[in-house]
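For reference, the structure discussed in these notes is given below.
This is a predicted model, so every value here is computed, not measured. Letters A, B, ... mirror the listed sequences (proteins, then strands); counts begin at 1.
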Amino acid sequence: MAYFIQLAFAGLAQGCIYALVALGFTIIFKSSGVINFAQGEFLLVGAFIASVATFEWGLNFFLAVFIALLITVLIGVLFERFALRYMIGRPAFAIIMITIGLDILLRTGVVMTGKANERPPATPYGIASGVNYGGVHFGENALWTILVTLICCVALYIFFRYTRYGLAMRAAAIDQEAALAMGVNIRLVYALAWGIAAAVATIAGIFLAINVTTFDSTLGSIALFAFPAIILGGLDSIPGAVVGGVVIGLVQLLTQGYESHIANFVGIGFDTITPYLLMIIILLVRPYGLFGTRKVERV
Amino acid sequence: MSVHSQLPQLSVAGITLRFEGITALDDVSFDVQRGELFAIIGPNGAGKTSLLNILSRVYQPSHGSVLFEGRDLLRLKTHQIARAGIARTFQNQGQFPLTSVLDYLLLGRHIHMRSGIVLGGIYLGPALKEERANRAYCQHLLDLMGLAPYRDFPMGSLPYGLQKRADLARALAMQPRLLLLDEPVAGMSLEESRDLAAVLLDIKEQLGITQVLVEHDMAMVMGIADRVLVLDFGRVIAQGQPAEVQANPAVITAYLGQEVQRAPSPGSVAHS
Amino acid sequence: MTIRPALRMTIGALTCFAILAVFLVGCGTNNGGGSLKTDFGVDTSAKTISLGILTPLSGPVAAPIGIPLTKGIETYFDAVNASGGIDGYKVKLIERDTQYDPQVEVSDYQQIKNQVAMFAESLGTPTTQAIVPLSANDHILVSAATLDSYLAREPYMVLIGTPYRLQVENAFDYIVKKLGVQHPKTGIIYQDDGYGQDGLTGYKEAMACYGLKNVGEATYEATDTTFTAQAAQLKASGAQYVFLTAIPTAAAGIIGTAHAIGYDPHWVLQSPAFASGLLQVKGLNTLLEHEAWVVGQGAAWGDTSVPGMAEMLQNIQKYDPGQQPDGYFEFGYTEAKVTYAILKKAFDNHDVTRAGLLNAFNSLNNVDVGGLYPTLHYGSAPNQRVPSRDNTVYSIDSSVAGNLKSLSGDFTGSCAEQSQF
Amino acid sequence: MIAAMATLSLNILSGYTGLISLGITFFMGIGAYTAAWLGGPHPFFPGDPVGLNLSIFIWLPAAGVVAALTGALVGPTALRLKGFYLAIVTLALVFIGLYLFKNARAITGGPQGRIFPTPSFGDLSFSSPTPVFGVLLTTNQWYFLLLTPLLALMALFVHNVMRSRAGRAFQAVRDNETGAAIIGVNLFQAKMSAFIFSSFLAGIAGALWASYPGGYAEPNTWNLILAIQFVAAMLVGGVASVWGSILGAAFVFGLPLALDTFSLIPQSTSNTGLTSGDLSAILYGLLIILFMLFEPTGVIGFIRRVTSLIQRFDERAKVKGGVKANASEPVELES
């Protein structure tokens, strides 16, 4: 039982990281209809800058995180402003490709600093701190990951629900032209979406880096598991992204933990595909995801 | 065969269509006789295009039946409609902007051709023969429609009127027995409309193809249609000879009311 | 004067043909140079011999492994050239960046193979695997920086160290024979690729040899970002000694996560699983110093009692003063020494053709690398071609240069002795 | 050139039919392992993966056929989806493929990888320099001789398909699904044919990719990065264009080579700064962005634009005073 809880807890924490990445995807998709394949690299860049700021520049953890946030948000907003804005109305995969271009740029940029290997993460606490209860260790990082994800969700909820810009973003998501007609500043909406996505990705990246103890330039590949999460939850649903992320995290950790018991049957690395299998099943049953909206097509 | 010619070619009964609580069509029924030019008119948002979408199996009605030459259309899939002998033109152009005019017509010949990937890839023997014959057919049609000079132009590069004309040519290339026309003169100049009306009459008289014409422009319809059906808010408000319909007070109110509503915002001629 | 088009075409074709013929055949002949037989990569007029280097100089593998290792080779040959070269021939290195990608490696190989006498370096297992059949066809020797056991079967592969498989066996030899732990409860976590499989093979052989009680096996993917499942699984199994056939970031993740969930077995790291960078991580450094060993090879950095180390440090001062202590540098330097031995022997035989080099390599028998690595053995049968079966178990100590301190000294375990290739 | 074949295959599906796929390497892998199973050498050491050592005339077509069958199997599920959903499902396919390839040890050699057959005709082996008519051809030259006609054949075939009935249907589906259906195109059938056709070519390209010239590949060869490179090649070269596929592949896969060969940057290990690999990665990322922004029709579009400009210039020169100047006629071909 302790084994199961340990796994489930880790799955929850991992799922929260997926959820944060998925949130970024969904927010951008909802506001501008773009899937940002570079989302994972925001995690890497964020974690990397935080690490460099702590270890090379000797800054305080929170200051380092602040700088990391600042830079990633800036990258996100600038990319939107100077590249994506000219892509409106282009076919979907041209847009996918341009974000993949950004992905390559960001990752190679980090590699080229020559400091990307066995990078120690910026962290405010020791690697093993946490509480033990009933033979299960509840790591401090995992607890903070879950808490901060919750805070992010609540903050975003309040933002979308009660602030002017949040309302503008929601309006734009529902009907761009109508929103424009009502005086919503679409450009600001796009910039906000990218900024928020970059920020949540950075937060996820910092937690993820602490979780893996050391990281290298492949940290961003985690975003690939956020795809099943967003599909699971529904591409255009923000709560869906969170639920999807958590579900994927749980499923993955549990298969990882139990697959050796059925290794002869499923072989090695089964956990790498369970999220995708789950996603495909969902797509067959409910193509618009658990919380997504069904689209009516018109001629 | 003789039975067919006495029965209406197209028989629509009790069609009701609902979208998320809105009733777009409410108990619409009508018959179209073989060789007839039947027009459906009505103000914007009356449900004309929705009706056409049901006939071409894009929308699934909640109630009602559609019989075409004795076959239940509602049991066919979208792509089978064309094989059943029904062709349709599109209200909005620009759906195939990259296709050349000739290729667009050849696309219309799709249902009359057979070769698949393997034959097409080899491009010899039967495929070549078929391709040549159909290209000749389309070329002929282009000549007839006065589109020959634009043969290799991408559809998207043609002026609007020519696009509509090419679209009509494509529908004819399908050699249908029933032609559905979705606002064929919308956005055209007066002169272009007149030309098109003449083409429609030619189709009727020379080719004998039954036509169902959905149109906003009342004047044009009254001049050429054999019978007219008027829709307003999804309901049939009048049906009959053009002259009868024109005199119908309900029709006048519907149209006038609309004109009054639209008056404050001139220039915004939106299509439903 | 006008040439008719047809004629012009013929002439053009002939010219092309001639160029092609020269290109194909030209360098294949024996062009004298005293009694020295040469074919590819030897310029008898400029007195140079060219060697190929296929190594990642970009991408994630470059900074931690590719670059230091290549520098080791460069430094050694700088020293050789400065002292007059080999029989008066200067060594020229032709380097290509493989990005650790087999496809790129193959195209790099094709590009320069006719310019070089042999390859002084091919870094990486998947990359080297990709050129194995090519090198056999071209009859060209390849010195490979990989410890994959499979490659020992290949006649054109020059290996340097003790294969991964034997590393695992020697590590458990140390635990059972030297430390006297009888029937230890053991486990392994390995990467889901060829490297991990090699470790796993060694682990299974060691289980049979030393009567280990295998209680847990787990695998991870190179893309994994959480190691809780693996750590929790091994924790549940209660293994006392856990072997890690992993890359450094994964090793760090596993050790860190396991500690966090209250599991601290004795970790034994396969040599590539350790990197000095890991010691920068708060908390992890103490774990590593107290709970982890690394099994590997070679003299500890700065141990000048070893003549080869003293020489290497001097050469670093002269040719590459900025170099930090680095095991991969040492590996490259040692690898270059073996290459030198092959070349020297070939020059002594007055035959530096590819056939001559293979001949020299097969008759090399022992190569003394000045104690940097144990004496290496070569031969023509697979079992003889395993250059070394020795290993050293190190503890991790951030206070010493290179961060590794020998615990066991150099030894060959009984299991590794008998392993068949 | 093999890359060109793969890009061509992708172009059928994504360029002509408009179905976004990131899963081409899955089908390439299937083709490659079929080839390895049928054409690979007999196991030498116990535990080596199987190989039946059959002729290239069997394994090469078989690679295509098995990949096509797989396509037929996967198609009905995948094709229910559109746009980003399809992209993500095909991405999942890559991962499922990696998992299958790693576990099907008997055929794939497991994570260790395996040897693939090299093309040979009777005594003629492509894996070693062989003299023919007194001329010694290197392996590379042999491959060139084999691949050129094969690629030409494929290109011609695809070109033919695209100008005949099936190809017109593909393009109609891409431009407007509902419209195409109304005209009488069976959407499912058209998409399936495109999917299967594309898989077939991908399978052949995969078999050749694995055989060239090292003849060794790990399951990880068939990863997402490679798939994305093909998408990039297609977009850079030109969507829905046979020549574009070939140019794009040459561009994307030739760029790092060109940078190396012409040593545009000094190769040096003494500084950890700029290396050719990193530089080409940066360039490549940047180029994708720039191409997407400024030349969405790819290299081929650029070439067409230039030639049409020249033509226009020529015509203007011919028709003096612009009596028949075609200014009103749209000349620019965007495809």
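- In the displayed structure, A:Leu284 atom CG is contacted under 6.0 Å by more than 12 heavy atoms of other residues, nucleotides or ligands.
- Only the side chain of D:Leu224 comes within contact range of chain A, with heavy atoms under 4.5 Å apart.
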| message | For A:Ser217 and A:Arg107: C-alpha separation, side-chain torsions, deciding distance, then whether side-chain hydrogen bond (donor to acceptor under 3.5 Å, both in side chains) applies. | response | CA-CA 7 Å; A:Ser217 56; A:Arg107 188 176 48 240; over 6 Å; no
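- Looking at D:Ala232, both its backbone and its side chain come within 4.5 Å of chain A, counting heavy atoms on both sides.
- Within 6.0 Å of CZ in A:Arg187 there are 12 or fewer heavy atoms belonging to other residues, nucleotides or ligands.
- Annotation: maximal heavy-atom pairing with chain D below 4.5 Å, among A:Ile230, A:Ile280, A:Leu102, A:Leu224, occurs at A:Leu224.
- Looking at A:Leu105, both its backbone and its side chain come within 4.5 Å of chain D, counting heavy atoms on both sides.
- Looking at A:Phe225, neither its backbone nor its side chain comes within 4.5 Å of chain D, counting heavy atoms on both sides.
- Contact of D:Leu290 with chain A is not made at all, since no heavy-atom distance falls under 4.5 Å.
- Of the candidates D:Tyr33, D:Phe195, D:Trp222, D:Phe195 is the only one forming a ring pair (Phe, Tyr, Trp, His ring centres under 6.0 Å) with D:Phe27.
- Nearest heavy-atom pair, D:Val94 versus D:Asn223, reported as atom, atom and distance to 0.1 Å: CG1-C, 3.8 Å.
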